[in-house]
Amino acid sequence: MNTRLLISIPLLLSVSNSMAEETTAIGTGPVDATAFVQVLVGLLITVGIIFFLAWLSRKTKLINTFSSGYQIKTLATQSLTHREKICLVEVGGKQILIGLAPGNINKIHVFDDPIEAVSPAEDPPSSPFAETFRQALGMQSKETKG
């Protein structure tokens, strides 16, 4: 019985020494700050390049050029409620009025003759209230401008 104990003691000591060497090897070296900074700077540059390319593609409409297989143009949009709106779209030379709701798109009308879009510079006809309000503020009305 003593021989087994004598043989197992050196074996236990060698195992404990090898484990101690592994733990000291892992724990002795501090984290290299320059390597950490290099990885962080590289990551920030990569993320910055991704955001720059996304911004550039939106500004130049690069994604729309490559992804649009069909010629669909939105000519006008009008909100009806918070969640519903109507859109005038042009597809293949035809203008279609569609209604949009959450989870639902309906064709309302297909126009045979194209509708001329009103430019935002043109003002709608003014109401008598608007004219009275302009006069009260001392502003010129559209009719008296000259």
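What you see below is based on every heavy atom in this structure, not just the backbone, and it leaves out hydrogens, waters and symmetry mates.
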Applying ring-ring contact (aromatic ring centres under 6.0 Å, His included), which residue pairs with at least one partner in residues 81-109 are found, sequence neighbours left out?
His109-Phe111

Sequence neighbours excluded, the answer for side-chain contact (heavy atoms from CB on, under 4.5 Å) partners of Thr34 is Asp32

List, one per line, each side-chain donor-acceptor pair under 3.5 Å for residues 37-55, sequence neighbours excluded.
residue: Thr46; atom: OG1; partner: Gly42; partner atom: O; Å: 2.8

Validation row: Ile86, Leu80 side chains within 4.5 angstrom (heavy atoms):
yes

Any side-chain heavy-atom pair of Val89 and Leu75 under 4.5 Å
no

Got a list of side-chain donor-acceptor pairs under 3.5 Å for residues 97-107, not counting sequence neighbours?
none

Least distance between heavy atoms, Asp113 atom then Gln95 atom:
O-OE1, 4.4 Å

Nearest 0.5 angstrom please: Cys87 SG to Ile96 CD1, how far?
12.0 Å

